[in-house]
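Computed from a prediction, not measured in an experiment: that's the story for all the values here. Just so it is clear: chains get the letters A, B, ... in the order the sequence lines come, proteins before strands, and each one is counted from 1.
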4 protein chains.
Amino acid sequence: MTSIAIYGAAGYTGRELLRILSGHPEVEVVHATSGTHAGQWLGVVFPELLRAYPMLRFAERDAQPPEGVEVAFLCLPHGESMAAVPPLLEAGVRVIDLSADYRLKEAALYPEWYGRDHAHPELLAEAVYGLPEWNGDEIGTEVRLLANPGCYPTATLLALLPAIEAGLIQPATVVVNACSGVSGAGVRPSETTHFVHANESLKAYKVGRHQHTPEIEQLCAEIAGSQVVLSFTPHLAPMNRGIAVTASAALAKRIDPEAAWELYLNRYLDAPFVHLLPAGQTPDTGRVRGSNQVHLQVVVDPRTNRLVMLSAIDNLVKGAAGQAVQNLNLMVGWEETTGLLAPPLVP
Amino acid sequence: MTSIAIYGAAGYTGRELLRILSGHPEVEVVHATSGTHAGQWLGVVFPELLRAYPMLRFAERDAQPPEGVEVAFLCLPHGESMAAVPPLLEAGVRVIDLSADYRLKEAALYPEWYGRDHAHPELLAEAVYGLPEWNGDEIGTEVRLLANPGCYPTATLLALLPAIEAGLIQPATVVVNACSGVSGAGVRPSETTHFVHANESLKAYKVGRHQHTPEIEQLCAEIAGSQVVLSFTPHLAPMNRGIAVTASAALAKRIDPEAAWELYLNRYLDAPFVHLLPAGQTPDTGRVRGSNQVHLQVVVDPRTNRLVMLSAIDNLVKGAAGQAVQNLNLMVGWEETTGLLAPPLVP
Amino acid sequence: MTSIAIYGAAGYTGRELLRILSGHPEVEVVHATSGTHAGQWLGVVFPELLRAYPMLRFAERDAQPPEGVEVAFLCLPHGESMAAVPPLLEAGVRVIDLSADYRLKEAALYPEWYGRDHAHPELLAEAVYGLPEWNGDEIGTEVRLLANPGCYPTATLLALLPAIEAGLIQPATVVVNACSGVSGAGVRPSETTHFVHANESLKAYKVGRHQHTPEIEQLCAEIAGSQVVLSFTPHLAPMNRGIAVTASAALAKRIDPEAAWELYLNRYLDAPFVHLLPAGQTPDTGRVRGSNQVHLQVVVDPRTNRLVMLSAIDNLVKGAAGQAVQNLNLMVGWEETTGLLAPPLVP
Amino acid sequence: MTSIAIYGAAGYTGRELLRILSGHPEVEVVHATSGTHAGQWLGVVFPELLRAYPMLRFAERDAQPPEGVEVAFLCLPHGESMAAVPPLLEAGVRVIDLSADYRLKEAALYPEWYGRDHAHPELLAEAVYGLPEWNGDEIGTEVRLLANPGCYPTATLLALLPAIEAGLIQPATVVVNACSGVSGAGVRPSETTHFVHANESLKAYKVGRHQHTPEIEQLCAEIAGSQVVLSFTPHLAPMNRGIAVTASAALAKRIDPEAAWELYLNRYLDAPFVHLLPAGQTPDTGRVRGSNQVHLQVVVDPRTNRLVMLSAIDNLVKGAAGQAVQNLNLMVGWEETTGLLAPPLVP
């Protein structure tokens, strides 16, 4: 058994890691920290996890991991992870960071999009961005620091990249609209997350300035081989989980609908979590809930000469904790799907 | 008091007309038809309307209006209205048609988008498209047949048209994403509208082929003075009411964010139901529920050189029954806002 | 026009008063206070109310009412109203208190149920409990201080009292279960009201110790003519508005189902907001939303020899702001239904 | 591997069995029938299950099970199971029936509560009612026909029985209120299950006459040793899954709150799925979603001298498919928790 630590284990992402890892046959969570619940029994704070973790108590937010911990998941707020990573690496602990702190290669983007300078820019080059369907080759046993992608980037990139890679679309015309469930706004109560405010409400926010934008553009540019600037508008939708992405771009060349569909089919033939839906079906957040699955569809619109690329994921699983475990599997050398095959909870 | 008939009064749109007209000081609903509930007391089928209509019974779906009816609202399925209009006009009854049957000027579009030929193409030229904020001048006491706009077109056009009119955007680059509440799918039970299916679910549908598309393009073209072909993707969101539109287009010229905002402010200064939000706020379906209000916002994105235009309406009110009453007011010569000033139900 | 002040106008109850009073033909709201929003324009904080109150700014929470105010509504937290009432009365302003601070006649109940002594017990005898269907005779032009009932008590008492009055049930066997929408938990964000926590969640809370219990028992005892102690369990349900009450008690005598139904029908024949549903239908929170209506049903269960009494109201309307306006109408001498006849928003 | 058949596999219960059994290490589902989807690939109808069942096609509703099937789950509508059971038993297939058709011991109760005579009353005595926490001893390798409890009975009985067994409450005073998610109403679209109707709606239904009542009373009577007649009122709540039960009864003797809590604790000490919450917490449907867990609480109300017993389950798991698998485990002799330990999906 591999010993695991989770920092920030009481937020939605950390809690989801606890849920998923409870069914992973190769790991044992031995350390879970929480600023709010330090000292309390995990099974009292989260009764649904009592049977899975009967003997675990929350440690202080920044408590050193016990001897023997091999991998630490960081579910800390953006900014806090920056400082937490170096001491862990020095102690010989490998890190999977679920924050945005090591996702961008260019240090200058941090003050621009996150409002603060990066404290450890020297580590940015080493950090591997962990989207296994696109750079699984880089995610191996030698990786010390893995930057786990954001929820919007995961759903958007999986929809966009096959078309970009194939030169099918004009990158300068990409428009991305995404709708997220409220868990994406985090566990902290606020006016935005108040039930009465969020229920029966759908609205755009951070129009043109969401901090996940450069992360999306970075990998698009890498695949396209040239800079990509895209229009990204996130929305908050009245549901607990799920992200649905609708991306659209002008076609760069003529293509039959069937050929576009087959292009996507072939690109993801070996991706165990990606499921291209039969033509005519559209991805639905309600069909991926609680699982690491990605549902995709691609539609050629001959009237506008555009390609419409659709995806749905569970923001807390493939958009966060599930993908982190997928990366863990690859980093340790286990089967990529270990502990991640439970089907979605439908309905 | 003006005597009113409602055909198809038991669907969501007809029921909403009953609700709104119960507070209208100048009208009396004397005739309400329903195929399903013919012969039943309205107050037994809809207990919440018993006090408002204690003496009304549903008539047969195609029952002739009683003597004295001046205006008939048609809330019939697309296709049925076609046939119902001519006899009413011949009987001297003015018609407000909430179906799509008389919205498109070009008869050839009906088989293409609605799958059937138009039975009365000779009436298409006479029918006035009733979006008062844009063609209020045409909606007067001489109108016999008014085609009430669809829900998606209303929300989309109010967001797009000021920018198109001002030549601010390139019409060929317009991408529209819209999310609708489930009442937009109609009262008939189906797998799509099953609670367990729709709840916690967000998905695109009819990608590139929604029948409201030509209706949007028709008025855009009229204002632009040239053909407009746009990409429109509707989505179903887990809420009862509301449409949120996010439209985006490449800018045709440079403009400051403030100037774009002021352009919209000035365009709608005299529109009593349109409310441009303070900069920084975004339209929210939860803030217009049950009212005829339209909330708008416009954002310049300097990174992508695009304009993002946002709107929110209640699909059953400004997107259907409320706008129909607004048109009624203009057709009879009453104050445009009569019976329509109740604020939204928040929360 | 009668000049009105609202204290605590930015909470759900105060905001609902603003919404309802905007359609009341006899009043003008000239003073609205808010600790959080003092100094801000009402139409900026609540865009949906801009047209209704274009010139109103929030005053400080405890700002004195301007000259000429005749009635003040207090939507302050329990405890704060206690202190706010006496100065207003002294200034000649009549008070409708929507808090619990003047509902209980017995001062000793306050420390027991609300955890604090009453600061002005001398006013408890004067305060009139305002449930018009049961003590409308006491709510007249001479009332200075009206205690507006709680949401649970309103729904519960309207269901229970006809049976108690008629001696139909054994008071010692009454069991009340109630489900409330989340707006009942107030506007302040908390773990309980977080969307992700409240959505897809139904749970009991404050079992046997909800502070509305003595208020229910007080009026039951008055009508019964003897002490009533009942079991009350509230639940939180995933919806914005609405309370559904299911009360049950052992029958004190044999009665036919039809006779029980007629007893309720006759008792509320003159109550303009109470609607006894046809036999076989059950009250549904979704059918009273946004209105002052009360839906009732009564069922005789011959197997258990119990009577089941059911009610549904909108907790913010008949359970708070709407009933307060109903009481205002009676206190000033207007028609009881003035400004309150808008039908529910269905769906 | 044990070969399994599922009859009626496309309803909510059958689909949930497919989900749960996909993670069960000892079984293989080789036969899944559906009247609606016969002949279609399971992974096309339910894309989320494609990876789990890549080679399974729906068979005709009444298709004979293939050679080698050892156990059949029946997820057929009440009434259809009656006829399906005898031929399966004759073919040597053991049956777990998730319908109500073999739950009641007394044949005379079927026409009274289900509106039809029982077609095979001779099998009622043999059928074992499968609530493992209460009659696990009877659920062994010799059982041929197991009647899986209903969702309401499971939640209600687990809450009530410890108090009844201990003689703590007066059985004649039991009042049960229960709220169920909409999946309990089945997969068939109807007005009741329409999103727009069920959302924002809470209502009682079948007051005093729900068909699960005699099933609850039957086991209560067995444990009490005398007849029990109780008042049961179900409600429909706006959520996909979950049942919350609030049961209340007059105490038969004095007991401290702590002693009542310990009584429940001790009664379920060995029940791996039952979790008595710490005092002060109440069961919440949102904390058991997707799992076989049961959350319980028990409260002594000294004012009314009543005991309030609370439970929450997932109606599709512990209330149906999960409990069926728990029974399967016991019938074959595997560990009771095999395939059922995944924690709830929170949030």
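- Among B/Thr246, B/Val308, B/Val299, the residue with the largest count of heavy-atom pairs under 4.5 Å with chain A is B/Thr246.
- Ranked by heavy-atom pairs shorter than 4.5 Å toward chain B, the options A/Ser231, A/Ala244, A/Ala198 are led by A/Ser231.
- With a threshold of 4.5 angstrom between heavy atoms, B/Thr233 approaches chain A through side-chain atoms but not through N, CA, C or O.
- Ranking A/Gly242, A/Gly181, A/Cys179, A/Ala312 against chain B, the residue ahead of the rest is A/Cys179, based on heavy-atom pairs under 4.5 Å.
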- Check the pair B/Thr304 / A/Leu230 against side-chain contact (heavy atoms from CB on, under 4.5 Å), numbers first and verdict last. CA-CA 6 Å; B/Thr304 58; A/Leu230 51 76; 5.7 Å; no
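- Contact of B/Asn177 with chain A is made through the side chain alone, with heavy-atom distances under 4.5 Å.
- Using a 4.5 Å heavy-atom cutoff, the side chains of B/Asn240 and A/Glu200 are in contact.
- Using a 4.5 Å cut-off between heavy atoms, B/Arg306 contacts chain A through its side chain alone, with no backbone atom that close.
- Interface residue B/Pro283: only backbone heavy atoms are found under 4.5 Å from chain A.
- A/Val207 is not listed as a side-chain neighbour of B/Asp301, based on a closest heavy-atom distance of 4.5 Å or more.
- Both the backbone and the side chain of B/Leu202 come within contact range of chain A, each with at least one heavy atom under 4.5 Å from a heavy atom of that chain.
- Other residues, nucleotides and ligands place no more than 12 heavy atoms under 6.0 Å from the CD atom of A/Gln227.
- The residue among A/Thr173, A/Val288, A/Thr213, A/Val229 with the most heavy atom pairs within less than 4.5 Å of chain B is A/Val229.
- For B/Val196, the parts lying under 4.5 angstrom from a heavy atom of chain A are both the backbone and the side chain.
- B/Ala204 touches chain A through backbone and side chain together, each having a heavy atom under 4.5 Å away.
- The pair B/Arg303-A/Glu217 meets the salt-bridge criterion, since a charged nitrogen lies less than 4.0 angstrom from a carboxylate oxygen.
- Counting non-hydrogen atoms of other residues, nucleotides and ligands closer than 6.0 Å to CD of A/Glu191 gives a total of 12 or fewer.
- In this structure, B/Thr285 and A/Lys203 have side chains that are not in contact, with every pair of non-hydrogen atoms separated by 4.5 Å or more.
- Within the 4.5 angstrom heavy-atom criterion, no atom of B/His295 approaches chain A.
- Side chains of A/His197 and B/Arg287 form a contact here, defined as non-hydrogen atoms less than 4.5 Å apart.
- Counting heavy-atom pairs under 4.5 Å between each of A/Gln297, A/Arg289, A/Arg241, A/Arg209 and chain B puts A/Arg289 at the top.
- Proximity to chain B (any heavy atom under 4.5 Å) is restricted, for A/Val175, to the side chain, taken from C-beta onward.
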